[in-house]
K.L.:
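Mind looking over this structure? Questions follow.
Side chains are part of it too, since the values below use all heavy atoms of this structure and drop only hydrogens, waters and symmetry mates. Sequence lines set the chain letters: A, B, ... in the order given, protein chains first and strands last, and positions in each chain run from 1.
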Amino acid sequence: MRKPCCEKKETNRGSWSQEEDQKLSDYIKQHGEGCWRSLPKAAGLRRCGKSCRLRWINYLRPGLKRGNFGEDEEDLIIRLHALLGNRWSLIAGRLPGRTDNEVKNYWNSHLRKKLIQMGIDPKKPHQLGGKGLHIKTCLPDLNLDLTLSNTAPSTTLVEES
DNA sequence: AACCAGTGCAACCGCTTCTTT
DNA sequence: TAAAGAAGCGGTTGCACTGGT
């Protein structure tokens with residue numbers, strides 16, 4: 001049996017306070033990311049490492065865009081989702097300043113509905129092929145330097161002209 | 001003004017993958 | 001090569017906020 005990542009009784013849960021945010025970002029600015037397991041103790045936080053990592057990546061990390069997605073971003077998410085499926089971290093990697101959590105939330109709350117309204121089943125990405133998109137072999141078009149660990153796809157999406 | 005349903009976002013949970021020994 | 005530990009990821013949940021009645 002694996003130990004839990006943290007002792008639940010000794011950790012705070014729920015929303016982060018300003019003080020906690022400050023401690024976390026101060027610590028990371030000083031020491032850099034890494035070793036999330038030991039970070040909370042070192043930073044003086046009563047949080048588990050997972051929680052710290054998530055908070056940093058999704059909220060505190062510099063360069064994050066907040067607010068609405070632009071049309072171009074929306075379009076790119078749809079295309080990448082058609083190509084990659086629910087691989088949110090890969091999709092987010094193509095959207096500067098966006099996080100996997102943000103992309104996932106946006107997909108689930110906005111884009112899925114939008115596609116359904118358009119008569120597209122979001123679970124069947126290849127239907128997009130009939131809506132002005134073709135999936136072709138080869139990568140260069142969208143400048144996708146996807147580095148997939150297991151099944152590296154050799155496909156990309158290109159706009160039908 | 002009060003209630004309720006719908007929505008969006010932040011955070012948690014548990015599984016998978018990667019790394020180290 | 002296998003096992004254990006750490007990190008990463010995606011699914012899901014909880015709650016605050018908003019708009020409609």
K.L.:
Respond yes when some side-chain nitrogen or oxygen of A/Trp88 is under 4.0 Å from OP1 or OP2 of C/dG11, and no when none is.
P.N.:
yes

K.L.:
So, for A/Asn68 and A/Arg98, which heavy atoms are closest and what is the spacing to 0.1 Å?
P.N.:
O-NH2, 2.9 Å

K.L.:
Distance check needed: B/dC12 P versus A/Trp36 CH2, whole Å only.
P.N.:
14 Å

K.L.:
Can you name the nearest heavy-atom pair linking A/Cys52 to A/Pro40, along with the distance?
P.N.:
SG-CG, 3.9 Å

K.L.:
Does A/Glu73 pair with A/Lys65 as a salt bridge, N-O distance under 4.0 Å?
P.N.:
yes

K.L.:
Checking base pairs now: Watson-Crick or wobble, both atom distances under 3.5 Å. What partners B/dC12?
P.N.:
C/dG11

K.L.:
Counting any heavy atom closer than 4.0 Å, what does A/Tyr59 reach on the DNA or RNA strands: base, sugar-phosphate only, or nothing?
P.N.:
sugar-phosphate

K.L.:
When the distance from NE2 of A/His110 to C1' of B/dG8 is rounded to whole Å, what number comes out?
P.N.:
7 Å

K.L.:
A/Arg66 side chain: which of B/dC13, C/dG10, B/dA10 is closest?
P.N.:
B/dA10

K.L.:
When the distance from CG of A/Asn12 to C1' of B/dA11 is rounded to whole Å, what number comes out?
P.N.:
13 Å

K.L.:
Verify the contact: side-chain N or O of A/Arg53 to OP1 or OP2 of C/dC9, cut-off strictly under 4.0 Å; return yes or no.
P.N.:
yes

K.L.:
Could you state the CD1-C1' distance from A/Ile57 to C/dG10, rounded to the nearest angstrom?
P.N.:
13 Å

K.L.:
Give a yes/no on whether any side-chain N or O of A/Ser89 is located under 4.0 angstrom from OP1 or OP2 of C/dC9.
P.N.:
yes

K.L.:
Without decimals, in angstroms, what is the distance between A/Trp56 CH2 and C/dG8 P?
P.N.:
14 Å

K.L.:
Measuring from atom CG of A/Leu24 to atom CZ of A/Arg55, what distance do you get when rounded to the nearest 0.5 angstrom?
P.N.:
8.5 Å

K.L.:
Choosing from B/dA11, C/dG11, B/dG8, which nucleotide comes nearest the side chain of A/Asn86?
P.N.:
C/dG11

K.L.:
Does A/Asn101 reach a base, just sugar-phosphate, or nothing at all? Heavy atoms under 4.0 Å.
P.N.:
base

K.L.:
So what does A/Asn105 hit on the nucleic acid, given a heavy-atom distance under 4.0 Å: a base, only sugar-phosphate, or nothing?
P.N.:
base

K.L.:
Can you tell me if A/Arg37 touches the phosphate of C/dG5, counting only side-chain N or O atoms and a distance under 4.0 Å to OP1 or OP2?
P.N.:
no

K.L.:
Starting at atom CZ of A/Arg87, determine the distance to atom P of C/dG8, rounded to an integer number of angstrom.
P.N.:
17 Å

K.L.:
Report the distance from atom OH of A/Tyr106 to atom P of B/dC9, rounded to the nearest whole Å.
P.N.:
9 Å

K.L.:
State which of C/dA7, C/dG10, B/dC12 makes the closest approach to the side chain of A/Arg47.
P.N.:
B/dC12

K.L.:
For A/Leu90, run the side-chain contact (heavy atoms from CB on, under 4.5 Å) check against A/Leu80, A/Asp100, A/Leu84 and tell me which one passes.
P.N.:
A/Leu84

K.L.:
Would you mind reading off the distance between A/Lys50 atom NZ and B/dC12 atom C1', rounded to a whole angstrom?
P.N.:
8 Å

K.L.:
B/dG8 phosphate, OP1 or OP2: any side-chain N/O from A/Lys113 under 4.0 angstrom?
P.N.:
yes

